[in-house]
Each structure stands twice: as structure tokens, then as C-alpha cells.
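Structure first, commentary second.
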Amino acid sequence: MSLPTHVPHPGRRTVLRGSLLASAAVTLPTAVSAAPAFALSGRPSARWGVQTGAVTSSSALVWVRSDRPARMLVETSATESFRRARRWDGPLIGSRTDFTGTTPLYGLPPGEQVHYRVTLADPHDPRRTGKPVYGTFRTAPARRRDGVRFLWSGDIAGQGWGINPDIGGYRVYDEMRRLDPDFFLCSGDSIYADGVIEPSVTLPDGRIWRNITTEEKAKVAETLDEYRGNFRYNLLDENVRAFNAQVPSVVQWDDHEVRNNWYPGQILDDVRYTEKNVDVLAARSMRAFREYVPLPAPHGGSSEGRMHRVVRHGPLLDVFVLDMRSFRNANSPGRQADDTTGILGAEQLVWLKRELSRSRATWKVIAADMPLGLIVPDGATNFEAVAQGDPGAPLGRELQLADLLRHIKRQRITGTVWLTADVHYTSAQHYSPERAAFKDFAPFWEFVSGPLAAGGFPANKLDATFGPDQVFVRAPERANVSPMESPQYFGEVDIDGESGEFTVRLRAQGGTVLFSKVLQPGLIGQ
């Protein structure tokens, strides 16, 4: 398969007319193909596109992947003409990072559209450069009245449903791009490292789903190179590359970045794996994740740094990106009466309570990679998320959630909203102490959306401990419904700069708004 060497730089008017993808598109192959084999002659090429992340009101990270050793050069400008461009000398990228690299940008104007282009130069001859690859993004606003709009979802290339050229690949990314959000929150399962992509799958009605596949997607990922190949897989899709060139991402990880339902210390009983120690697999995945996702520098300067962090996006919004995977205890029936580890680990819980108390943002989005009151089983007796089906007082991992919710109420922390994905359908739950077994908390909302490119599943049952009321749900009636049979789902959040209102829309692919809820600012619970 041939990837484009150039993605045109989109001006805001061009973006809103929706012409970027048409001009950037390449035709996906009509037969199953592998990832391109890059020649070692010629000039460096950035055929995997560009991405931005860690965007603040004055800074950002720009990402690229080369096909060979190269020096990364970035230019930024306030206009598409690049007549008064600012140059940034990036790193020398090579095989140690799978030819990926990021360049930090500083001193950017707040709340403005920034145009950039990335050029790769031969490290031995700076005059030998590849074709520039263009992108754009908006910095976070410094003023409240500018407002914020972002999208969220998760679950990409799961259950064997990969890039299907017959339906135009991951078309939902084009739909999201046309909404022109300030950023995209990927709520986990950004890859399916344990999910094999077969060349074709026969649907229940006899139709054939065809996948673009690669060598790394022909088996479960175990080696570092196989994990890297899983992250590269989604970049084969033209819609993803066009989206990445326009929309910054905030990405968290969950289980499928490593292996389904994993937890630290787990020893696998799975014949597909020759490496049985999940901690070894997780370390390899984390390295590949950091190579392929533009993330801020690891905490403490270590490549093993934490994933949880606060993303501050102007006066209206702080996003608390949780890691509900790396510090959890083993999946179990969840009936223990004392549990200080829980799903976050003791240290992350202390961090979250402290940062929520310090936040001065109007809205505090808690980005969870797993739902709270939805019962997610792991086998016949164990549970994967927080809820464990006992409607009484908190037990197991619920004890940690109860501690956090109590802290939010007693510290009078306003504007908390929970967003998640993971369960492969979309829903809205309102939690209230009036309906709950545990009552020492303020009411709050949890919104679920996804998948983006994976199988759809029936709705999970609710656990009554924290009094959830499922106000809306849209889910398939059977398991693993393909994207050809059921729409993919994503959520939209629009925070109005004048009123401060927080509007959530649950969307289905195709332009339909399935559910909408407006929340008012300055309230502890609603």
C-alpha cells in the first residue's frame, strides 16, 4: 500500500468547508495488503502523517515518523502562507524510537490557530529533505469567553474489525474532523494489541467484511516491534491521518494496549502467548505507546513514568486523565471490606484528590478508562471495573470510589463530570445519594461513548451502590456487531464561554445526536 507523502495544510475556512480529506485522500487498496516497506534510497519521508498533543495556551508537542534516520524540523506560522514562519530544530530520530520523534513548541499565542509543517532532513546532508507534511491546531484559550469544544470516544480496531477499504476505512474520523473540535480525548483501547486482524470476516447476513492487515496484526502482540506495529496499523487509515493533522489528542491507555483485562503481576494462562508475564508485556507496550503518542515528558524523567495527568485547557476546563490499569489490584469478586489499592492505587487517589481540590477551572472532567456503575465481568466470578453487582454498601474497589466521592462533596468541589468508553455502546447515567446504598456524596453524571472502530455489544447491568439512573442507552442486542451493521459512537462536549454551560451530546456515526444534556456551572452536584 502506498501512503501519501503530503497532507495539505488546512486553513480554518478550508476545514469548515470540509475539503481537507478530499484533497488529502488516497484510495485504500482493494485487496488485503501489508504495511508499506520503505526503500532506503532517496530522501526521508513522513508518510505516517503528523500529530499534536500536550497542547496548552502557549505550548504543544508535534509528532512525526520517518522511514529512516532523519533530523526533524518544524516551522510554525499564524497563516497558511508561512511567510513569517518560526523554525524549531527537532531531534535526530532513528531506530531507537522506531523512527518516531516529537518537537516541543513554546511561546505560542493563546486561543489561536497555529499552522505548522514538518520537514525531515538527511542527518548527513541537511540539504536533502523530504516533502513537508502540514498540520494545524488551536492553542487553549486564555480567556473564559472563548469557550471549549472537544470530542471523546475509544476502542479502535477491536474484535477483528480493522480498516475496511470497501466502506472507506474509519469514516467516523472524517465526521469527527468536520466538527472541528479543539481536541479529542481517546478514553483508552487506542489499539487492540491482543486482537488479530484477519483478511476477511463473514457477517451473519453473508456479507464479507474485508480488512487491510499487516504482519504485526496477524498474531497477538508480545515483542516491542509487534506493539509498535499495532500503533502503526491505525495510521494506515487516511481518515485517521487527516484527523491527526487537524485535531490534537489526549490519549489514555487501558487494557487492550497490552492485553484484555490485564492487571499488574498477572501471569497469563493463554496459549497464544509465549511471554506469560504481563508486566513484561506492559513495559513493552508503554514504550511503544510513548513513541507513537505525543505525550508530555514522563514524570520523574523516566520512560516508566506515570500515565495519569491533568490537562488544563483554559479557565473553563481541566481534564483529569486517569490510569485505572497500571496500579490496580488483581481482578476478583470484589467483596473485600478493606481495599486501599483499588483500581487507582493509593498514590494516584491522593494525587487525584489533591489536584481536584487545587483546580480553579469551571469544569473538572474526570476522564476514566473504565465506567463506574456498569458491571463489567472478567470470567464467571471476577470483575474488571469498579462495580461488582452487590447493590449494598461499598466493597472492594468501590471503597476507593466512595472515598473520592466523599472528598468531592466535603471539599465542595464544583463541576465534576465523568467521561468514559470501554463497553462498546453509548449511555448516560445520573448518580444520586437518594437512590444509593452509599449516601455521602453529591450527585454527578457519567457519560459513555464508543466504539470508534470495533464491535458493538449489549448494555451492561447497573450496580445500585452509588444510585445510578440510566437516563439514556443505545446498544446492540447481540455481541460483537460489526461497524457495517451498527453505527460507531462518539461524544461531544461544548462549554459556552458566556454562560459557562456544559453541553454533552452523544452522537452516532452519520450525524445523529442521540442524546443531549446541559449542565449548569458552579454546582457541587446536579
Side-chain angles (χ1 to χ4, degrees), residues 9-16 51-62 74 76-81 84-86 88 104-116 135-152 176-185 245-250 294 296 309-321 355-367 412-417 419 445 447 491-505 516-524 526:
H9 49 288
R12 190 171 178 92
R13 292 188 302 275
T14 304
V15 166
L16 296 179
Q51 302 179 60
T52 51
V55 174
T56 72
S57 60
S58 62
S59 62
L61 280 176
V62 174
V74 181
T76 61
S77 175
T79 66
E80 298 174 82
S81 68
R84 300 181 65 182
R86 183 178 177 186
W88 309 79
L105 312 180
Y106 299 104
L108 304 175
E112 295 291 339
Q113 198 78 22
V114 177
H115 300 271
Y116 69 94
T136 186
F137 63 91
R138 276 190 299 279
T139 51
R143 304 173 301 181
R144 172 191 169 100
R145 66 175 180 266
D146 288 339
V148 179
R149 182 169 68 256
F150 70 94
L151 309 178
W152 94 93
M176 294 194 301
R177 181 188 60 78
R178 292 173 188 273
L179 291 172
D180 196 28
D182 294 310
F183 66 90
F184 170 62
L185 169 64
Q246 179 181 324
V247 182
S249 290
V250 175
R309 58 201 186 275
V310 185
V311 176
R312 306 193 189 280
H313 201 85
L316 287 171
L317 177 65
D318 282 350
V319 181
F320 298 83
V321 183
E355 294 302 323
L356 283 169
S357 297
R358 289 176 175 176
S359 174
R360 296 296 176 261
T362 304
W363 293 99
K364 303 158 188 70
V365 165
I366 304 176
R412 301 187 63 80
I413 298 171
T414 62
T416 59
V417 182
L419 302 182
W445 283 87
F447 299 97
E492 177 185 19
V493 171
D494 201 336
I495 307 177
D496 183 74
E498 297 296 331
S499 66
E501 290 181 338
F502 186 103
T503 301
V504 181
R505 301 181 186 94
S516 182
K517 179 67 182 178
V518 179
L519 305 179
Q520 299 300 320
L523 302 181
I524 300 172
Q526 57 184 307

Quick one: side-chain hydrogen bond (donor to acceptor under 3.5 Å, both in side chains) partners of [X], sequence neighbours excluded?
| X | value |
| --- | --- |
| Arg143 | Asp146 |
| Ser516 | none |
| Ser359 | Asp318 |
| Gln520 | Glu501 |

Who pairs with [X] by ring pair (Phe, Tyr, Trp, His ring centres under 6.0 Å), at least two apart in sequence or on another chain?
| X | value |
| --- | --- |
| Phe183 | Phe150, His313 |
| Trp445 | His430, Phe447 |
| Trp152 | none |

Determine the minimum heavy-atom distance between [X] and [Y], stating which atoms define it.
| X | Y | answer |
| --- | --- | --- |
| Gly147 | Pro141 | O-CG, 4.0 Å |
| Trp88 | Pro104 | CE3-O, 3.7 Å |
| Lys364 | Ala361 | NZ-O, 2.7 Å |
| Pro294 | Leu61 | C-CD1, 4.1 Å |

Check: [X] side chain, [Y] main-chain N or O, donor-acceptor pair, under 3.5 Å:
| X | Y | result |
| --- | --- | --- |
| Arg149 | Asp180 | yes |
| Thr139 | Glu112 | yes |
| Trp363 | Gly500 | yes |

List for me each residue that meets salt bridge (Lys or Arg N to Asp or Glu O under 4.0 Å) alongside Arg358, sequence neighbours excluded, and say none if there are none.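 Partners of Arg358 by the salt bridge (Lys or Arg N to Asp or Glu O under 4.0 Å) criterion, ordered by chain and then number, come out as Glu355.
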What residues form a side chain to side chain contact (heavy atoms under 4.5 Å, CB included) with [X], not counting sequence neighbours?
| X | answer |
| --- | --- |
| Ala85 | Glu75, Phe82 |
| Ser58 | Thr56 |
| Thr362 | Arg144, Leu316, Pro521 |
| Pro110 | Ser57, Ala142 |

Name the residue from Val319, Ile366, Val365 that meets the side-chain contact (heavy atoms from CB on, under 4.5 Å) definition with Leu419.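 Answer after filtering Val319, Ile366, Val365: Val365.
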With no hydrogens and no angle check, do the side chains of Thr136 and Gln113 hold a donor and an acceptor under 3.5 Å apart?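 The answer is yes; a qualifying pair exists.
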Evaluation steps, side chain to side chain contact (heavy atoms under 4.5 Å, CB included), between Thr52 and Tyr116: CA-CA 10 Å; Thr52 51; Tyr116 69 94; 3.6 Å; yes
Kindly compute the distance separating CG (Leu317) from CD1 (Ile495), expressed to the nearest 0.5 Å.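 So the gap between those two atoms works out to 4.5 Å.
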